[in-house]
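What follows is a set of notes on a single structure, which appears directly below.
Keep in mind that what you see is a predicted model, and the values were worked out from it rather than measured. By convention in this document, chain letters (A, B, ...) are assigned in the order of the sequence lines, proteins followed by strands, and residues within each chain are numbered from 1.
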Amino acid sequence: MSELVLDAHWVEQLRRALLRWFDAHKRPTPWRDNPDPYRVWVSEVMLQQTQTATVIPYFERFLARFPTVQALAAAPLEEVLRYWEGLGYYARARNLHKAAQQVAQNGGQLPTTAEQLRKLPGIGAYTASAIASIAYGQPTPVVDGNVTRVLARLLWLKGDLKTTAAQKQLWQLSAQTIDPQRPGDFNQAMMELGSTICTPTQPRCSECPVSHLCAAYQRNQP
DNA sequence: CTCCTGTCCT
DNA sequence: AGGACAGGAG
């Protein structure tokens with residue numbers, strides 16, 4: 001697979017337009033209002049396989065009961081699972097609890113790099129990078145379903161995007177586009193664009209802040 | 001790499 | 001009933 005190098009001016013325009021849109025249109029969420037690492041972590045785990053609107057009330061209740069890593073670590077698993085009831089994918093809650101106990105054991109401070117975060121149960125490549133960028137301001141790229149779709153349309157990437165080679169290229173592209181000044185906001189903006197504007201079917205290109213930079217839009221086939 | 005989990009859609 | 005999804009685990 002060829003090493004696609006993006007045009008620096010195009011990347012600069014993408015960052016500006018996307019962040020301007022995000023500043024004006026981002027959905028208010030409790031973890032954005034107060035993005036401490038533990039809260040970002042809990043939110044990212046809850047957001048796996050679950051939509052933002054569903055997560056918000058669970059997040060509020062969960063954080064009210066388990067406001068810190070230490071509180072979560074000290075709680076019985078049974079109770080953690082009760083607070084998770086209705087969210088599904090209960091392995092997420094078991095892993096979160098187990099990881100909280102590991103973190104508490106190490107002084108209660110979350111690891112600060114994606115590589116270290118990745119070692120905790122329930123934190124894979126995506127979640128590690130999301131926490132590192134959003135909570136710690138590191139320029140770590142994310143690639144989820146939304147980012148995949150947005151990049152594929154922007155750059156007119158064809159073919160099966162699920163293959164290992166394609167995913168590898170997407171991570172590499174995401175690393176090129178991410179704004180080093182505001183990595184967490186940039187990552188969130190890409191994902192939010194994908195979930196609200198650049199949707200899988202019937203994307204709302206007329207409302208898209210980066211349609212002028214989009215190869216698919218210019219070909220009239222998003 | 002394959003398998004797994006609940007939900008959503010057909 | 002069956003398949004797609006979306007992440008992580010093994």
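- For the pair A:Ala189 and A:Trp21, the tightest heavy-atom approach, listed with the atom from each and the gap, is O-CZ3, 3.7 Å.
- The aromatic ring centroids of A:Phe66 and A:Phe62 lie less than 6.0 Å from each other.
- The residue A:Gln48 sits close only to the backbone: its heavy atoms come under 4.0 Å of sugar-phosphate atoms, none of a base.
- Side-chain contact annotation: A:Ser195 with A:Asn146, donor-acceptor N/O pair under 3.5 Å absent.
- Side-chain contact check for A:Thr50 and A:Arg92: at least one donor-acceptor pair (N or O, by modelled atom type) lies under 3.5 Å.
- Contact annotation: A:Lys162 reaches the phosphate of C:dC5 (side-chain N/O to OP1 or OP2, under 4.0 Å).
- Atom CG in A:Leu117 sits roughly 15 Å away from atom C1' in C:dG8 (whole-Å rounding).
- Residue order along DNA chain C, read from the 5' end via each residue's closest nucleotide, puts A:Tyr89 first among A:Tyr89 and A:Gly122.
- A:Trp41 is linked by a ring-ring contact (aromatic ring centres under 6.0 Å, His included) to nothing, counting only residues two or more places apart in sequence or in another chain.
- A donor-acceptor contact closer than 3.5 angstrom links the side chains of A:Glu44 and A:Tyr126.
- A straight line from CD of A:Glu44 to P of C:dG7 spans 9 Å, rounded to a whole angstrom.
- Residue A:Gln49 contributes atom CD, which lies 13 Å from atom C1' of C:dA4 at whole-angstrom precision.
- In summary, contact between chain A and DNA chain B, defined as any nucleotide atom under 4.0 Å from a heavy atom of the protein, begins and ends at B:dC1 to B:dG6 in the 5' to 3' direction.
- The CG-C1' distance, from A:Leu87 to C:dA6, rounds to 15 Å in whole Å.
- Remark: P of C:dG7 and CD1 of A:Ile123 are 15 Å apart, rounded to the nearest angstrom.
- For the pair A:Leu47 CG and C:dG7 P, the computed distance is 10 Å after rounding to whole Å.
- A:Arg149 places its CZ atom 11 Å from the P atom of C:dC5, with the value rounded to the nearest Å.
- If you check every strand for non-hydrogen atoms under 4.0 Å, A:Thr50 touches nothing.
- Regarding A:Asn146, its CG atom lies at a distance of 8 Å from the P atom of C:dA6, rounded to whole Å.
- Side-chain atoms of A:Arg32 and A:Gln188 include a donor-acceptor pair closer than 3.5 Å.
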